[in-house]
Amino acid sequence: MRAFIVDRYGKHSGRIGDVPEPEVRDGDVLVQVRAAGVNPLDSKLRDGEFKLLLPYRLPLVLGNEAAGVVLRTGSGVRRFKAGDEVYFRPDKERIGTFAERIAIDEADVALKPGTLGMEEAASIPLVALTAWQALVGKADLKKGQKILIHAGSGGVGTIAIQLAKHIGAHVATTTSAPNIPLVKSLGADVAIDYRTNDFAEVLRDYDAVLNSLDAQTLRKSLQVLKPGGKLVSISGPPDPDFARDIGLNWGLRQVVRLLSHRITRSAARQGVSYSFLFMKASGSQLREIGALVEAGAIRPVVDRVYPFDSTAEALAYVETGRAKGKVVVRLS
Ligand SMILES: NC(=O)c1ccc[n+]([C@@H]2O[C@H](COP(=O)([O-])OP(=O)(O)OC[C@H]3O[C@@H](n4cnc5c(N)ncnc54)[C@H](OP(=O)(O)O)[C@@H]3O)[C@@H](O)[C@H]2O)c1
């Protein structure tokens, strides 16, 4: 079958070629991929940025989320049958959605929201699970609380704003001026143009911040939190909980501790907490997210759809950092 393959780490690596059909285990569903979402994570994996923390055996089929149709199921599968339309983020050990077919554990799969086409559905799993695990999990966001969501016009931001509003929070976000109408249409109460305004001078007494930007933004975000507030970052630095979670050895755990030492100490001095999130696959959370999509509480924002043959171009567009919502590749 055809797939987008990385033979060696590096900026310009990646090609479409033939790979063997996936092996279907007892608990797996085999899915015909119809569309796959493209994420900054794909470029970072291809470039080798995560090779120390998440080592993959090369060649690697790239792609971290998709929507498609179940072709067949392993003998232990209970929830799905051939013909079901599904969407999913495979476990990090079993990525590879830029391919005609993929086998995934049924625990990581959910039925596609009935209101969405394949391309829209493929744009949701990774960013919606990230938003869910950051806001509901790490930040424990509650009705009436105030949250700052950075980069509200990006893949994660567009969904996180809607989820926070659904929870009943007051939402501030950062983006550039041309994207302010978009983030307002998603429900943001306050939209700050980061090119002309400093969010840290405008916002005060927030309960939570979701950071997806650089180290300077992360540090400044501490200033907007009230005592007891929570700073959650998905763009690093990784923290010791994450290191333990992915089973790093003692030496690497100490490296990770050092990486997050400064921000953790600054947070503690201010009476707030810092945590890093690396999202996980979850079919059950995708079912809850799917219900919110079907109820109209969350809508996907798809910026561009590329044909599968142009996967490298799709990755290059995501790398510009200017995507409005998500980028998707369509498989025929
Ligand atoms: N740890 C995890 O589990 C996890 C999960 C998902 C994503 N991530 C990471 O989170 C980051 C964001 O992911 P994403 O998919 O949302 O990215 P994305 O869709 O590529 O983000 C693009 C958006 O970011 C906005 N942006 C760029 N610079 C900004 C700034 N300085 N201030 C405010 N907005 C800015 C852009 O708006 P303008 O064009 O208006 O500038 C654009 O709309 C990436 O580093 C990704 O790897 C981590």
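Since the model is a prediction, treat every value here as computed from it, not as a measurement.
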Only distances under 3.5 Å count here; give the side-chain donor-acceptor pairs of residues 152-159 to other protein atoms, sequence neighbours excluded, each with its distance to 0.1 Å.
residue : atom : partner : partner atom : Å
Ser153  : OG   : Thr175  : OG1          : 2.8
Ser153  : OG   : Asn179  : ND2          : 3.4
Thr158  : OG1  : Gly154  : O            : 2.9
Thr158  : OG1  : Gly155  : O            : 3.1

Would you tabulate the side-chain donor-acceptor contacts of residues 180-189 under 3.5 Å, counting partners in other chains and residues two or more places apart, or write 'none'?
residue : atom : partner : partner atom : Å
Lys184  : NZ   : Asp189  : O            : 3.4
Ser185  : OG   : Leu182  : O            : 2.6
Ser185  : OG   : Arg299  : NH2          : 3.2
Asp189  : OD1  : Lys165  : NZ           : 3.3
Asp189  : OD2  : Lys165  : NZ           : 2.8
Asp189  : OD2  : Val171  : N            : 2.8

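Under the 4.5 Å side-chain heavy-atom criterion for grouping Ile, Leu, Val, Met, Phe, Trp and Tyr, Leu148 is connected to Val202 within one hydrophobic cluster. Criterion: ILVMFWY side-chain heavy atoms under 4.5 Å apart, direct or through other members. Under it, Ile147 and Ile298 are part of a common hydrophobic cluster.
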Next item on the list: Check step by step if side chain to side chain donor-acceptor pair (under 3.5 Å) holds for His150 and Thr217.
Entry: CA-CA 9 Å; His150 281 294; Thr217 307; 5.8 Å; no
Next item on the list: Apply the test side chain to side chain donor-acceptor pair (under 3.5 Å) to residues Lys92 and Asn64: give CA-CA distance (whole Å), side-chain angles for both, the deciding distance (0.1 Å), then the verdict.
Entry: CA-CA 8 Å; Lys92 64 179 170 35; Asn64 281 276; over 6 Å; no
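Here CD of Glu93 is found 11.0 Å from CZ of Arg57. Values are rounded to the nearest 0.5 Å. Distance CG/Leu141 to CG/Leu163: 8.0 Å, rounded to 0.5 Å.
Ion pairing of Arg15 with Asp7 is present here, as a side-chain N (NZ or NE/NH1/NH2) and a carboxylate O approach within less than 4.0 Å.
By the side-chain hydrogen bond (donor to acceptor under 3.5 Å, both in side chains) test, Lys324 pairs with no residue at all, sequence neighbours left out. For Arg2, the side chain to side chain contact (heavy atoms under 4.5 Å, CB included) partners are Ile16, Asp18, Glu100, Phe308, Asp309, not counting sequence neighbours.
Between Tyr306 and Tyr317, the ring planes lie tilted relative to each other; the angle falls in the 30° to 60° range. Using bins of under 30°, 30° to 60° and over 60° for the plane-to-plane angle, the ring pair Phe276/Phe242 lands in the perpendicular bin.
Applying the under-4.5 Å side-chain rule to Ile, Leu, Val, Met, Phe, Trp and Tyr, the cluster around Tyr194 consists of that residue alone. The hydrophobic cluster analysis finds Trp250 isolated: no Ile, Leu, Val, Met, Phe, Trp or Tyr side chain comes under 4.5 Å of it, directly or through other members.
Proximity of a side-chain donor or acceptor of Thr173 to a complementary backbone N or O of Ile149 within less than 3.5 Å is detected.
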